[in-house]
There are 2 protein chains.
Amino acid sequence: MAERSDAARNRALIIEAARELITEPGELKLSAVAKRAGLGQGTLYRHFATREELVRALYDREIDELVALADRLLGEHSPDEALRRWFTHLAAYARVKFGVIAAVEASVWHDIGAQTPGKLGEALTALLTAGRADGVLRDDVDSRDVILLSWFLAHVEEEEWAERTPRLLAVLLDGLTTR
Amino acid sequence: MAERSDAARNRALIIEAARELITEPGELKLSAVAKRAGLGQGTLYRHFATREELVRALYDREIDELVALADRLLGEHSPDEALRRWFTHLAAYARVKFGVIAAVEASVWHDIGAQTPGKLGEALTALLTAGRADGVLRDDVDSRDVILLSWFLAHVEEEEWAERTPRLLAVLLDGLTTR
DNA sequence: ACCTGAACACCGTTCAAGT
DNA sequence: ACCTGAACACCGTTCAAGT
């Protein structure tokens, strides 16, 4: 069953409008999203039955990019260097995307973590497996452990980011490394 | 200016009602809090002008207890043992309190972290200073670093808590320790 | 001074009518 | 099939009247 072209276009308009509005202070009002997209309230509701569905659509794309990056880094670098670089990119994504998005909806904080068994979890598992095979990583941590430990990224403030994040990532990587 | 006794009593009733309701699934409805407390809507609003003020009142007490604990542990144990034990208690508090409370209000996630320069930050600084003096801790991390790294605690699920948290705390402490 | 609770305002959700 | 937007419902906030 192919999607009608106007439906597909409207879906894109909604996501675009939400992407713009979510960076603004205050809540993300669904009525404002519909208005900015130039659509009726009911149309928004047809595409995204809850606010959570809409917010999830916003960050799904970012997760796909992180997954693709893990594959590429593993092909180009040693396991520990790949993990180190991937963390740095994760940090950059978290700063811009997850922080802003999740500030809108408390339940999303929960769901990003719960989603780990998906593609993101597999990508991270690949990184960890390579590192363990090399003997540089603890052998008792899994991908969910690492996702959990990375939550701090969502709470670092803009103005302290540059000074604090490299050190925090170093502490975390140190803790994951075998002595 | 002393508080009128009925006002003090009502304030306590509100906090008590909110404490009970916040553990239930779904949002914390202010109207439900007023109803359970047996008070009018306006009375709730007089005491707590925003939902955030109410939620903050709920976890302020918990923070006080953590602060007192840090002092006591430093008097009774070696610096690294004190830090280790304090982390374990922090984990227990985070599990029961912060996770439930912050799930209700996204902005609270933000504010718990921003509050670090307060009493909690001082208590943690005392722990870190003692550890550094002993030469067991990295000398470039501060109390806010540790608070940020502890955020994972709020995202561990009930059923995985026992298996995962000890390992995650070990990774974190390992990262904070000098090699 | 503080409390009450009905009235108001805001915004998410629904649905009858239109294309 | 999908879209529109007015109507509805829910809940946070306010305020005139009461104690």
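All chains are named by letter (A, B, ...) in the order of the sequence lines, taking the proteins before the strands, and each is independently numbered beginning at 1. Here the structure is a predicted model, which means the values were calculated and not measured.
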Novice: Return the set of residues passing side-chain contact (heavy atoms from CB on, under 4.5 Å) with B:Ala32 (not counting sequence neighbours), or none when no residue passes.
Specialist: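 For B:Ala32 the side-chain contact (heavy atoms from CB on, under 4.5 Å) partners, ignoring immediate neighbours, are B:Leu21, B:Lys29.
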Novice: Take the protein atom CZ of B:Arg11 and the nucleotide atom C1' of C:dC3, then report the distance between them rounded to whole Å.
Specialist: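 My rounded result for the distance is 16 Å.
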Novice: Within the structure provided, determine whether A:Glu16 and A:Leu13 are in side-chain contact (heavy-atom separation under 4.5 Å).
Specialist: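 No, side chains not in contact.
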Novice: Mind calculating the distance between CZ (B:Arg46) and P (C:dG5) to the nearest angstrom?
Specialist: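 So the CZ-P distance, B:Arg46 to C:dG5, works out to 15 Å.
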Novice: Are B:Tyr45 and B:Leu54 close enough that some pair of their side-chain heavy atoms sits under 4.5 Å apart?
Specialist: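 In short, these two side chains do not touch, never coming nearer than 4.5 Å.
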Novice: Just need the stems in DNA chain C: three or more back-to-back Watson-Crick or G-U pairs, each with both distances under 3.5 angstrom, sorted by first number.
Specialist: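 Output for stems: C:4-8 with D:12-16, C:12-16 with D:4-8.
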Novice: Could you state the atom-to-atom distance from CD1 of A:Ile14 to C1' of D:dC3 in whole Å?
Specialist: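 Interatomic distance, CD1 of A:Ile14 to C1' of D:dC3: 11 Å.
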Novice: Rounded to whole angstroms, how far apart are CG on A:Asp6 and P on D:dC3?
Specialist: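 One finds 5 Å between P of D:dC3 and CG of A:Asp6, rounded.
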Novice: For A:Leu13 and D:dC2, give me the distance from atom CG to atom P, rounded to whole Å.
Specialist: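 So the CG-P distance, A:Leu13 to D:dC2, works out to 16 Å.
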Novice: Can you list the residues that meet the salt bridge (charged side-chain N to carboxylate O under 4.0 Å, His left out) rule with B:Arg138, with sequence neighbours excluded?
Specialist: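 By the salt bridge (charged side-chain N to carboxylate O under 4.0 Å, His left out) rule, B:Arg138 matches B:Asp140.
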Novice: Can a side chain N or O of A:Asn10 be found less than 4.0 Å away from OP1 or OP2 on D:dC3?
Specialist: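 Looking at the OP1 and OP2 atoms of D:dC3, one of them is under 4.0 Å from a side-chain N or O of A:Asn10.
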Novice: Does any part of the side chain of B:Glu122, heavy atoms only, come nearer than 4.5 Å to the side chain of B:Val67, both counted from C-beta?
Specialist: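 No, too far: nothing below the 4.5 Å cut-off.
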Novice: Whole-Å distance between C:dA1 P and B:His47 NE2?
Specialist: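 Spelled out: NE2 on B:His47 to P on C:dA1 is 15 Å.
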Novice: Can you tell me which residue pairs pass the salt bridge (Lys or Arg N to Asp or Glu O under 4.0 Å) test with a partner in residues 65-77 of chain A, sequence neighbours excluded?
Specialist: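 Qualifying pairs, neighbours excluded: A:Arg72-A:Glu76.
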Novice: Do you know which two heavy atoms are closest between B:Asp145 and A:Arg167, and how far apart they sit?
Specialist: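 In terms of heavy atoms, the two residues are closest at OD2-NE, 2.7 Å.
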Novice: Roughly, in whole Å, what's the span from CG in B:Leu44 to P in C:dC2?
Specialist: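 About 15 Å, once rounded to whole Å.
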Novice: Please tell me if the side chains of A:Asp174 and B:Asp174 come closer than 4.5 Å, counting only heavy atoms from C-beta onward.
Specialist: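 They are not in contact (no side-chain heavy atoms under 4.5 Å apart), so the answer is no.
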Novice: With sequence neighbours excluded, what pairs up with A:Asp134 under the side-chain contact (heavy atoms from CB on, under 4.5 Å) test?
Specialist: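 For A:Asp134 the side-chain contact (heavy atoms from CB on, under 4.5 Å) partners, ignoring immediate neighbours, are A:Pro79, A:Val136.
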Novice: Sugar-phosphate atoms are those with a prime plus P, OP1 and OP2; base atoms are the rest. Using that split, label each nucleotide of nucleotides 12-19 of chain D B, S or - for protein heavy atoms under 4.0 Å, 5' to 3'.
Specialist: SBBB----
